[in-house]
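Everything below concerns the one structure shown next.
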Amino acid sequence: MMKQNQLKIWFLIPLIIFMGLIVMLYMRLGKPTDIVTNTALERPVPTFELPLLADTTRTMTNDNLPNEPFLMNIWGSWCPTCIVEHPFLMALEERGINIVGVNYKDDIGDALSYLNQRGDPFSMSIQDLSGQFALDLGLTGAPETFIVDGKGIIRQHIVGEINEANWQSRITPCLSLLNEASKNNGDPDPSQVEEMCK
């Protein structure tokens, strides 16, 4: 008798789980399935007050950011992919691209040594020791780069390293659009931003 009861229980458990799944699927019917892939875009650079990496007695704020389109690159001396990316950032700096660095959760001595050894491609680097500013930006890992327009609005988010391939295919079209809008002292057309900065 007891053996029969145990068999019934083992039979009922999968049936209960199956019925539970049916109920869950039924409850999801008709509900929206939109997936938010990036919450960083189309909003201003978050407000910050952070030390300048090269001189931590100086505090940088949003007022110190360029008033023309620029790249904001999140990096750290501890980050292997940042080391891979660094020569390309140096090449961009030679091409006249304005890059603001955000040194993310790094030891200041290591960070300064990193720039001394490899060169400094940044017009300025701010020190984000706690990592809160980068998180506010929408960081998911390092390195990442945010393309910001002349009015401080984030228009593109590159996850991972910047290289010649994504520079040509993704970043240059977006940056050209933003530079054109900045020259005309206007906002870029939203439909073009959607197309060129995706």
Are the charged groups of D128 and K105 less than 4.0 angstrom apart, N to O?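 Salt bridge: no.
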
Any carboxylate oxygen within less than 4.0 angstrom of a Lys/Arg side-chain nitrogen, looking at R170 and E195?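 Salt bridge flag = no for E195 with R170.
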
Aromatic rings F133 and F48: how do their planes relate, parallel, tilted or perpendicular, breaks at 30° and 60°?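 F133 vs F48 ring planes: tilted.
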
Where does the angle between the aromatic ring planes of H86 and F122 fall among parallel (under 30°), tilted (30 to 60°) and perpendicular (over 60°)? perpendicular

Rounded to the nearest 0.5 Å, what separates atom [atom1] in [X] from atom [atom2] in [Y]?
| X | Y | atom1 | atom2 | answer |
| --- | --- | --- | --- | --- |
| L50 | L129 | CG | CG | 9.5 Å |
| L177 | D149 | CG | CG | 9.5 Å |
| W167 | I158 | CH2 | CD1 | 9.5 Å |
| I97 | F88 | CD1 | CZ | 9.0 Å |
| E85 | E144 | CD | CD | 10.5 Å |
| I83 | Y114 | CD1 | OH | 5.5 Å |

Determine, stepwise, if the pair V148 / L178 fulfils side-chain contact (heavy atoms from CB on, under 4.5 Å). CA-CA 8 Å; V148 183; L178 301 182; over 6 Å; no

Stepwise side-chain contact (heavy atoms from CB on, under 4.5 Å) check, F146 with F70: CA-CA 8 Å; F146 299 85; F70 66 96; over 6 Å; no

Criterion side-chain hydrogen bond (donor to acceptor under 3.5 Å, both in side chains) on N103 and S125, from CA distance to verdict: CA-CA 6 Å; N103 181 235; S125 266; over 6 Å; no

Are the side chain of [X] and the backbone N or O of [Y] linked by a donor-acceptor pair below 3.5 Å?
| X | Y | value |
| --- | --- | --- |
| N62 | V45 | yes |
| D55 | T57 | yes |
| D106 | I108 | no |
| N166 | N163 | yes |

Would you name the heavy atoms of C82 and P143 that are closest together and state the gap between them? SG-CB, 3.7 Å

Specify the closest pair of heavy atoms between P188 and A181, including all atoms of both residues, with the distance to one decimal.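 Heavy atoms only, the tightest pair is N-CB, 3.7 Å.
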
Is any side-chain heavy atom of [X] closer than 4.5 Å to a side-chain heavy atom of [Y]?
| X | Y | answer |
| --- | --- | --- |
| M90 | D120 | no |
| S77 | S113 | no |
| L52 | Q127 | no |
| L112 | L53 | yes |
| I153 | R43 | no |
| I171 | I147 | yes |
| I99 | T145 | no |

Option among K198, Q156, R155 that satisfies the side chain to side chain contact (heavy atoms under 4.5 Å, CB included) test with V193: R155

For I74 and L137, what are the C-alpha separation, side-chain angles and deciding distance, and is it a side-chain contact (heavy atoms from CB on, under 4.5 Å)? CA-CA 10 Å; I74 316 300; L137 274 169; 3.7 Å; yes

Under the side-chain contact (heavy atoms from CB on, under 4.5 Å) rule, what do M124 and N64 come out as? Steps first, then yes or no, please. CA-CA 9 Å; M124 70 170 181; N64 298 106; 4.2 Å; yes

Are [X] and [Y] connected in the hydrophobic side-chain network, where two residues link if heavy atoms are under 4.5 Å apart?
| X | Y | answer |
| --- | --- | --- |
| L115 | L89 | yes |
| I154 | V102 | yes |
| Y104 | I162 | no |

Will you find, in the side chains of N98 and S123, an N or O donor that is under 3.5 Å from an N or O acceptor? yes

Just checking, is any N or O donor in the side chain of E180 or S176 under 3.5 Å from an acceptor N or O on the other one? no

Can you establish whether the number of heavy atoms outside E42 located under 6.0 Å from its atom CD is more than 12?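 Atom CD in E42 is crowded, with more than 12 foreign heavy atoms closer than 6.0 Å.
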
Are there more than 12 heavy atoms of other residues, nucleotides or ligands under 6.0 Å from atom CD of Q168?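 Correct, the count exceeds 12.
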
